[in-house]
Each structure stands twice: as structure tokens, then as C-alpha cells.
Amino acid sequence: MVEDRADGGDLSIGGQAFTTYGRPSKTFAEGRICGEESCGTMLSIYNESEFCYQHDSGSAPRLRGRKSA
């Protein structure tokens, strides 16, 4: 929203503070360890996989209906 300044000067822009982040992040059990035999990495409570980033197979998402090569 653009408003005239009270002193007759230049225009200023007003706004509202960002007060909410919406729905909270999904969390998983604490203290989980990577499922790879030789790995002892503790998983984040935000990681839904049973493996750490290094051992997760990783899948490429479909992009707007197109299949990736």
C-alpha cells in the first residue's frame, strides 16, 4: 500500500509484519540411526527416510507431467 507522508514529502510503502509460518513441519522419531550397516549417522527429526543423505537412493521428482530422461 502506498501512502502520502504526513510531512508532504515522498511516498512511502507500508506493510504488515509476517507473523505466522502456517502449518508446522512434519517430524519423526528422535535418535534414529542411518539404516546402512557401516554408517552411524544420526538422522534429523525432519528426515522421513531410514537412510542419511549419503546412503539414500534419492528419486527424481516428476516435473509438471514430463518424464525425466
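Values below: every heavy atom of this structure, side chains too, minus hydrogens, waters and symmetry copies.
Annotation: the span from C34 atom SG to H55 atom NE2 amounts to 5.5 Å, rounded to 0.5 Å. Between the OG1 atom in T41 and the CZ atom in F51 there is a gap of 12.0 Å [rounded to 0.5 Å]. Annotation: the span from T27 atom OG1 to N47 atom CG amounts to 12.0 Å, rounded to 0.5 Å.
Residue S49 comes nearest to D56 through the heavy atom pair OG-OD1, 3.4 Å, listed as atom of the first residue, atom of the second, then distance. Here the shortest heavy-atom pairing between E30 and I45 reads CG-CG2, 3.4 Å.
Every residue meeting the side-chain contact (heavy atoms from CB on, under 4.5 Å) condition with F28, not counting sequence neighbours, appears here in chain and number order: K26, R32, E48. Looking at residues two or more places apart in sequence or on another chain, you find a side-chain contact (heavy atoms from CB on, under 4.5 Å) between I33 and M42.
Applying the 4.5 Å side-chain rule to ILVMFWY residues, one finds that Y53 remains a lone member of its cluster.
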